[in-house]
Engineer: 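One structure coming up, written as structure tokens, with questions to follow.
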Amino acid sequence: MISIELLRNNPEILEQGLKNRGEESSIQKILKYDDTRRKNIVENDELKRQRNEVSKSIGARRSKGEFVNESELKLMKEVGTKIADLDNEIKDIEFNMHELLSRVPNIPESDVPIGKDENDNPVIRQHGEKPKFSFDLESHWDIGERLDIIDLPRGAKLSGSRFYTLKGLGSKLERALIAWMLDYHTNKHNYTEVSVPYLVRQEIIYGSGNLPKFGDNLYHDTEDDLWLIPTAEVPITGLHKDEILELSELPKYYVAHTPCFRREQAAAGRDTRGIKRVHQFNKVEMYKIVDPETSDHELDTLLSNAEDICEELGLTYRIVQLCTGDISFVSAKSFDIEIWAAGCEEWLEVSTCSNCTDFQARRTSLRYRPDINSKPQFVHTLNGSGLAIPRVMIAILENYQQSDGSIVIPEILRPYTGFDRIGPSKL
RNA sequence: GGAGGGAUGGCAGAGUGGACGAAUGCGCUGGUCUUGAAAACCAGUAUACCGGCAACGGUAUCGUGGGUUCGAAUCCCACUCCCUCCGCCA
């Protein structure tokens with residue numbers, strides 16, 4: 001949620017931010033609602049003040065046994081009706097205002113490059129070179145089938161297209177990746193591991209910014225009105241909803257493994273082969289709740305925490321900054337990490353590290369007290385994958401394939417997998 | 001699913017129609033005392049919205065929404081959530 005003060009005092013900043021994002025602006029409409037809302041409140045508060053005063057005096061006189069005449073009561077009844085009318089009017093205005101306000105995205109930071117879409121995202125740096133091979137490479141779906149570790153047809157049999165099953169060492173590899181990443185972030189980067197529900201209430205998923213605008217991409221259980229999480233970011237954002245944290249409690253670093261559920265309606269027809277884009281996948285997510293003063297720096301370290309994972313796995317990756325037209329709804333500044341997949345020859349997005357500033361904190365009412373005597377203020381929240389598991393598996397399978405058809409497991413994972421190779425298997 | 005109990009400030013907990021934003025205790029902040037600390041004592045200590053340059057003033061908030069009333073934490077209705085027990089189940 002955008003700050004209403006900013007909207008009143010500096011609408012031009014918002015207008016510019018929306019323009020840079022390529023979004024239509026509802027700012028003028030919101031300002032109009034805000035104006036009439038305030039006028040109504042002034043009028044209504046005065047009526048309420050009157051009513052309180054007179055009611056008090058009636059009570060005082062009655063308790064002394066004094067006479068209270070009917071016309072006075074009748075007059076106050078009329079005031080009561082007027083108040084009720086105004087209350088309703090204000091409620092309507094607030095509803096309409098909130099409808100618009102909840103769909104206004106975060107404002108990009110001033111140093112975010114201006115651009116239209118992902119084609120305008122600058123590559124900031126690249127780590128490692130694309131590996132060279134002396135034999136023909138297989139795609140991960142071919143490798144997965146040949147080694148009998150990824151079963152796409154049976155995934156489809158169970159749940160439809162874009163679902164998959166893992167088997168044998170493939171399944172073990174996934175489990176090893178999850179366990180290793182969680183251990184790595186908790187031990188090396190000081191994150192606290194949390195296990196959270198995968199189904200959340202509407203207000204929680206509103207708080208993280210996925211509703212009302214992106215309901216299309218979510219699975220919804222209508223019977224109990226619960227939503228399947230598209231990322232652990234959603235329940236972690238809700239973890240401290242409605243709380244006022246002490247400055248000494250900040251920063252809070254959380255890491256969680258959850259499955260992520262996405263309908264992927266908007267991507268119909270794209271990336272249909274393999275496990276690159278699926279309806280359910282595992283992900284290890286990092287999350288930070290921080291003092292606003294520090295969020296710029298916290299974004300840098302968040303990114304570097306995610307990069308460490310790529311580096312330890314020996315994967316070639318690059319950092320791409322998202323331009324104003326491509327950053328997500330809730331984000332003020334984001335970097336993608338893309339790893340190179342040698343088999344299908346493409347860069348795979350495995351993490352987006354974002355500073356959401358106070359946007360989610362406002363939606364979810366997550367505040368802190370800068371010091372003991374000051375008013376609560378909104379914290380800043382940041383999130384980033386560390387990392388998305390299927391795409392890491394794609395990269396491992398494709399980049400670590402050997403001429404004999406086997407897959408070598410990166411050194412760092414071996415204590416977790418208990419094996420150093422999948423295969424060999426005849427080609 | 002069945003039965004019962006509950007929801008009040010940071011926490012505990014009183015309050016059954018009128019001066020209640022709410023007793024009291026704890027916690028926290030400041031002060032007095034002390035070489036220092038503790039104890040004791042004194043004072044302060046919710047949030048949001050609206051008006052105002054500000055000081056400050058007003059309004060709302062006792063789980064949520066509606067109703068009764070001149071007036072609701074308190075009465076009525078509906079809902080939600082939490083707890084206990086029973087049943088079922090991992």
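Lettering of chains follows the sequences in order, A, B, ..., and the numbering in each one begins at 1.
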Engineer: OP1 or OP2 of B:rG18 versus the side-chain N and O atoms of A:R62: is any pair under 4.0 Å?
Structural biologist: no

Engineer: Quick one: do A:D34 and A:R8 make a salt bridge, cutoff under 4.0 Å?
Structural biologist: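 A salt bridge is present here (some side-chain N lies under 4.0 Å from a carboxylate O).
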
Engineer: Other residues, nucleotides and ligands only: do more than 12 of their heavy atoms fall within 6.0 Å of CD on A:E293?
Structural biologist: no

Engineer: Within the structure, does a side-chain N or O atom of A:R37 lie under 4.0 Å from either OP1 or OP2 of B:rC50?
Structural biologist: yes

Engineer: Tell me: CG of A:L73 to P of B:rG17, nearest whole Å?
Structural biologist: 20 Å

Engineer: Could you name each residue pair satisfying ring pair (Phe, Tyr, Trp, His ring centres under 6.0 Å) that touches residues 262-284 of chain A, not counting sequence neighbours?
Structural biologist: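 Pairs touching residues 262-284 of chain A that pass the test: A:F163-A:H279.
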
Engineer: Between the protein and nucleotides 57-64 of chain B, which nitrogen or oxygen pairs come in under 3.5 angstrom?
Structural biologist:
residue, atom, partner, partner atom, Å
B:rG58, N2, A:D45, OD2, 3.2
B:rU59, OP1, A:N52, ND2, 3.3
B:rU59, O2', A:D45, OD1, 3.1
B:rA60, OP2, A:N52, ND2, 3.3

Engineer: Rounded to whole angstroms, how far apart are CD on A:E66 and C1' on B:rG18?
Structural biologist: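 One finds 15 Å between C1' of B:rG18 and CD of A:E66, rounded.
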
Engineer: Check the distance between B:rA48's P and A:E94's CD and give it to me in whole angstrom.
Structural biologist: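 Spelled out: CD on A:E94 to P on B:rA48 is 16 Å.
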
Engineer: Pull out every residue in residues 198-205 of chain A that has a heavy atom closer than 4.0 Å to any atom of RNA chain B, ordered by number, or say none.
Structural biologist: A:R201

Engineer: Between A:K91 and A:E72, just flag the one whose closest nucleotide in RNA chain B comes earlier from the 5' side.
Structural biologist: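 Its nucleotide being nearer the 5' end, the pick is A:K91.
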
Engineer: To the nearest angstrom, how far is A:E43 atom CD from B:rC49 atom P?
Structural biologist: 21 Å

Engineer: Run the salt-bridge test on A:R277 and A:E264 with the 4.0 Å N-O cut-off and return the result as yes or no.
Structural biologist: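 Salt bridge flag = yes for A:E264 with A:R277.
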
Engineer: Does A:T364 reach the main-chain N or O of A:A361 with its side chain, forming a donor-acceptor pair under 3.5 Å?
Structural biologist: no

Engineer: Any base atoms under 4.0 Å from A:K375, or only sugar-phosphate, or nothing? Heavy atoms, all strands.
Structural biologist: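 If one applies the 4.0 Å heavy-atom cut-off, A:K375 turns out to touch the sugar-phosphate alone, with no base involved.
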
Engineer: Would you mind reading off the distance between A:K56 atom NZ and B:rC20 atom C1', rounded to a whole angstrom?
Structural biologist: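 It is 9 Å, rounded to the nearest whole Å.
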
Engineer: Taking NZ, NE, NH1 and NH2 as the nitrogens, is one of them in A:D358 or A:R362 under 4.0 Å from a carboxylate oxygen of the other?
Structural biologist: yes

Engineer: Between A:D151 and A:K157, is there a side-chain N and carboxylate O pair less than 4.0 Å apart?
Structural biologist: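 No, this pair does not count.
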
Engineer: May I ask you to decide whether A:K276 forms a salt bridge with A:D271, counting only side-chain N to carboxylate O separations under 4.0 Å?
Structural biologist: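 Looking at A:D271 together with A:K276, the answer is yes, because their closest N to O distance falls below 4.0 Å.
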
Engineer: Any ring pair (Phe, Tyr, Trp, His ring centres under 6.0 Å) involving residues 57-100 of chain A? Give me the pairs, sequence neighbours left out, ordered by first then second residue.
Structural biologist: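 Counting only pairs at least two positions apart or across chains, the ring pair (Phe, Tyr, Trp, His ring centres under 6.0 Å) contacts touching residues 57-100 of chain A are A:H98-A:Y206.
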
Engineer: Starting from P on B:rG65, measure out to CG on A:N88 and report it in whole angstrom.
Structural biologist: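 Rounding to the nearest Å, CG of A:N88 and P of B:rG65 are 13 Å apart.
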
Engineer: Taking the P atom in each of B:rA19 and B:rA60, what is the distance between them to the nearest angstrom?
Structural biologist: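 Straight-line distance between the two P atoms is 14 Å.
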
Engineer: What does A:V54 touch in the nucleic acid at a heavy-atom separation under 4.0 angstrom: a base, only the sugar-phosphate, or nothing?
Structural biologist: nothing

Engineer: Whole angstroms only, please: what is the CZ-P distance between A:R369 and B:rC28?
Structural biologist: 15 Å

Engineer: Rounded to whole angstroms, how far apart are OH on A:Y368 and C1' on B:rU47?
Structural biologist: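 Between C1' of B:rU47 and OH of A:Y368: 18 Å.
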
Engineer: Taking the C1' atom of each, how far is B:rU16 from B:rU69, in whole Å?
Structural biologist: 16 Å

Engineer: Ignoring backbone atoms, test whether A:K77 places a side-chain nitrogen or oxygen under 4.0 Å from the OP1 or OP2 oxygen of B:rC70.
Structural biologist: yes

Engineer: As a test of reading the structure: which of B:rC70, B:rU47, B:rA19 is closest to the side chain of A:M76, going by heavy atoms?
Structural biologist: B:rC70

Engineer: Which class fits the ring pair A:Y219 and A:F261: parallel under 30°, tilted 30 to 60°, perpendicular over 60°?
Structural biologist: perpendicular

Engineer: For atom P, what is the distance between B:rU24 and B:rC76, given to the nearest Å?
Structural biologist: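 Pairwise P distance, B:rU24 against B:rC76, rounds to 29 Å.
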
Engineer: In terms of ring plane angle, is the pair A:H189 and A:Y191 parallel, tilted or perpendicular, where the classes change at 30° and 60°?
Structural biologist: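 If you compare the ring of A:H189 with that of A:Y191, the planes turn out perpendicular.
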
Engineer: Measuring only the P atom in each nucleotide, how far is B:rG25 from B:rA14? A whole number of Å is fine.
Structural biologist: 15 Å

Engineer: Requiring both pairing distances under 3.5 angstrom, list the stems that contain RNA chain B and are made of three or more consecutive Watson-Crick or G-U pairs.
Structural biologist: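 Consecutive-pair runs (3 or more) involving RNA chain B: B:1-7 with B:80-86, B:10-12 with B:24-26, B:27-32 with B:40-45, B:46-51 with B:56-61, B:63-67 with B:75-79.
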
Engineer: Classify A:R8 by what it touches in the nucleic acid, base, sugar-phosphate, or nothing, heavy-atom distance under 4.0 Å.
Structural biologist: sugar-phosphate

Engineer: Could you tell me whether A:D45 and A:R49 have a side-chain N and a carboxylate O separated by less than 4.0 Å?
Structural biologist: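 No, no charged N to carboxylate O under 4.0 Å.
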
Engineer: Could you work out, with side-chain hydrogen bond (donor to acceptor under 3.5 Å, both in side chains) as the rule, every residue matching A:S26, not counting sequence neighbours?
Structural biologist: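 So A:S26 forms no side-chain hydrogen bond (donor to acceptor under 3.5 Å, both in side chains) with any residue.
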
